[in-house]
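What you see is a predicted model, and the numbers here were worked out from it, not measured in a lab. This chain uses plain numbering: 1 for the first residue, then up along the sequence. Just so you know, these numbers use all the heavy atoms, side chains as well, and skip hydrogens, waters and symmetry mates.
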Amino acid sequence: MASLPAQVDLSPLPIRTRPALRFAQLLGGLAAYGISMGLMVRAEIGLSPWDALHEGLSQRLNWSFGAVTALTGVLVMLAWLPLRQRPGIGTVANVVVIAFAVDFTLAMTPQLSSLPARLALMVFAIALNGLATAVYVGARLGPGPRDGLMTGLHARTGWSLRVVRTTIEVCVLAVGWVLGGTVGVGTVLYATSIGPLTQLFLKFAVVREKKDLCP
């Protein structure tokens, strides 16, 4: 998951604040996120740290990619307990919707043999991932499991978000690589571009309170 820009208020809003808009935005963003994950898998030139872990576990457990994504989401949520993090509706939806969306995408998208086509698919998938992250996070209905782990560790340890996120993702990537997850040029491309892309899209996607809209 992408790191979140500090200058945009992403704290959860009350559910009664524009619920129809925000639920639609949440579900659309999560579905797009799952689609982008599936497309990155099909590109076969490297995955994000968490998806490298998911792929490695999928191969070892002989489970679908989506099922493993849901499993790790639940396990990460359990790690919230000592961190005193509270899940929101968006947290639970994150686990369920992304799992279905990624498996659907993998079932519907054929494997590509051409390297240029795979590179193009990877670039498109990363851009979609950045947009999807901004859309679902911008709904402000609760963080995803992995985002909550990052912010929870930040609150409990006092380490900066950058240090916490980097530590988590390096560890996750190492385990994923050992388990057989795909690590390559796509991993580097994702790591260097997803933050700026998310920040760019978030300015337009975040739901603001009425007081924030006043000049």
Side-chain angles (χ1 to χ4, degrees), residues 1-13 26 29-30 33 36-37 40 46-54 56 69 72-95 98 125-179 181 183-209 212:
M1 303 293 177
S3 60
L4 306 178
Q7 66 267 32
V8 178
D9 185 4
L10 298 175
S11 58
L13 290 174
L26 172 70
L30 291 174
Y33 194 95
S36 72
M37 287 170 58
M40 281 189 274
L47 297 171
S48 70
W50 281 103
D51 286 344
L53 175 64
H54 296 151
T69 300
T72 56
V74 171
L75 293 177
V76 170
M77 285 175 62
L78 291 177
W80 285 22
L81 295 178
L83 301 176
R84 300 176 184 174
Q85 291 285 93
R86 293 184 179 181
I89 294 175
T91 311
V92 178
N94 184 292
V95 173
I98 289 178
I126 291 174
L128 179 60
N129 190 275
L131 175 61
T133 301
V135 170
Y136 89 75
V137 170
R140 298 174 68 177
L141 283 165
R146 297 154 190 84
D147 296 324
L149 176 64
M150 177 182 65
T151 56
L153 285 171
H154 162 68
R156 296 287 286 177
T157 64
W159 298 349
S160 70
L161 284 174
R162 184 184 300 273
V163 170
V164 171
R165 176 175 179 259
T166 300
T167 301
I168 292 173
E169 297 205 351
V170 167
C171 292
V172 167
L173 182 62
V175 175
W177 179 73
V178 169
L179 292 176
V183 178
V185 65
T187 308
V188 177
L189 183 60
Y190 181 92
T192 56
S193 61
I194 193 62
L197 281 171
T198 302
Q199 182 168 351
L200 171 66
F201 292 127
L202 196 55
K203 294 186 294 184
F204 306 101
V206 67
V207 175
R208 294 177 170 83
E209 295 183 86
D212 297 328

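Atoms CE and CG, on Met40 and Leu47 in that order, are 7.5 Å from each other to the nearest 0.5 Å. We find the OG1-CE distance between Thr166 and Met150 to be 10.0 Å, quoted to the nearest 0.5 Å. Rounded to the nearest 0.5 Å, atoms NE2 (His54) and CD1 (Ile98) are 9.0 Å apart. From Leu75, atom CG reaches atom CG of Leu149 across 11.5 Å, with rounding to the nearest 0.5 Å.
Looking at Val207 and Leu13, their side chains come closer than 4.5 Å, going by heavy atoms from C-beta outward. Between Val95 and Thr91 there is no side-chain heavy-atom pair separated by less than 4.5 Å. Side-chain contact between Pro145 and Met77: present, with at least one pair of heavy atoms (C-beta onward) separated by less than 4.5 Å. Residues Ile168 and Trp50 form a side-chain contact, since some pair of their non-hydrogen atoms from C-beta on lies under 4.5 Å apart.
Formation of a donor-acceptor pair under 3.5 Å by the Arg146 side chain with backbone atoms of Val76 is not found in this model. Under a 3.5 Å cut-off, the side chain of Thr133 and the backbone N or O of Asn129 do form a donor-acceptor pair. Looking at Ser36, its side chain never comes within 3.5 Å of a backbone N or O of Leu128 through a donor-acceptor pair. A donor-acceptor pair is defined here as one N or O able to donate and one able to accept, closer than 3.5 Å; such a pair exists between the side chain of Thr72 and the backbone of Thr69. Glu169 contributes no side-chain N or O that, together with a main-chain N or O of Pro49, makes up a donor-acceptor pair within less than 3.5 Å.
Evaluated for a side-chain contact (heavy atoms from CB on, under 4.5 Å) with Leu53, the options Leu173, Val178, Val172 yield exactly one hit, Val172. With respect to Leu131, the side-chain contact (heavy atoms from CB on, under 4.5 Å) criterion is satisfied by exactly one of Phe204, Tyr136, Phe201: Phe201.
Checking Ser160 against His154 by side-chain atom types alone, no donor-acceptor pair falls below 3.5 Å.
Between Ile126 and Ile194, the closest heavy-atom pair is O-CD1, 3.9 Å. Residues Leu26 and Ala93 share a closest heavy-atom pair of CD2-CB, 4.0 Å. Nearest heavy-atom pair across Pro143 and Gly148 is CB-N, 4.0 Å. Nearest heavy atoms, Leu197 versus Gly130: CB-CA, 4.3 Å. In plain terms, the two heavy atoms of Thr187 and Val183 that are nearest each other are OG1-CA, 3.5 Å.
For the pair Arg86 and Trp80, the cation does not sit on the ring face, since its NZ or CZ is not both under 6.0 Å from the ring centre and inside 45° of the axis.
In Trp177, the CH2 atom is not crowded: 12 or fewer heavy atoms of neighbouring residues, nucleotides or ligands sit closer than 6.0 Å.
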